[in-house]
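Structure first, commentary second.
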Amino acid sequence: MTNEVPKISTAGELGLTLQTLADVPDLVGAAFGLDGLILTEADLSPAFFQLRSGLAGEAFQKFTNYRIRVALVLPDFAAHGARFAELAHEHATHGLIRFVRTEEEARHWLGASAGS
């Protein structure tokens with residue numbers, strides 16, 4: 001067993017955001033090989049929070065397909081509507097995609113799950 005530090009980056013550290021569907025492959029490519037990716041509210045376009053836009057669903061599908069662990073840091077899940085809060089709640093125990101309230105919480109979850 002090694003004591004390697006998990007490789008976790010924020011989208012900002014990678015110089016990326018999730019604004020449109022065209023950004024999804026760039027995020028997947030940049031996160032490939034990391035132990036986790038952190039997306040903050042500032043990294044996400046308003047369309048991401050409008051579930052009917054399909055942006056969140058497409059991103060989640062790609063992250064899941066490529067087994068990329070993603071923590072979404074949103075201080076208030078309900079700030080983007082009841083449907084979005086429901087989505088966050090549904091991901092409370094998801095193995096690859098979690099909604100958390102702080103970056104510290106994101107790093108803790110991603111670091112703990114890096115070895116699993």
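From a predicted model like this one, the values you see are computed outputs, not experimental measurements.
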| request: Check whether any side-chain heavy atom of Thr17 lies under 4.5 Å from a side-chain heavy atom of Leu44, and answer yes or no. | output: no
| query | Does Ile68 share a hydrophobic cluster with Leu34, counting links as ILVMFWY side-chain heavy atoms below 4.5 Å and allowing steps through other members? | reply | yes
| request: Verify the distance criterion only: is there a donor paired with an acceptor across the side chains of Gln50 and His80 at less than 3.5 Å? | output: no
| message | Check whether Phe77 forms a cation-pi arrangement with Arg101 (NZ or CZ under 6.0 Å from the six-membered ring centre, at most 45° off the ring normal). | response | yes
| message | Taking Glu90's backbone N and O only, do any of them form a donor-acceptor pair with His94's side chain (distance below 3.5 Å, no angle check)? | response | no
| field | Minimum heavy-atom distance Leu21-Leu55, with the two atoms named | value | N-CD1, 3.6 Å
| task | Please round to the nearest 0.5 Å and tell me the distance separating atom CG of Asp43 and atom CG of Leu18. | result | 8.5 Å
| request: Could you check if a side-chain atom of Val70 sits within less than 4.5 angstrom of a side-chain atom of Leu96, using non-hydrogen atoms only? | output: no
| message | Nearest 0.5 angstrom please: Asp23 CG to Phe48 CZ, how far? | response | 12.0 Å
| query | Should we count NE2 of His89 as having more than 12 external heavy atoms under 6.0 Å? | reply | no
| query | Is any side-chain heavy atom of Glu103 less than 4.5 Å from a side-chain heavy atom of Thr10? | reply | yes
| So, for Ala11 and Leu37, which heavy atoms are closest and what is the spacing to 0.1 Å? | N-CD1, 3.9 Å
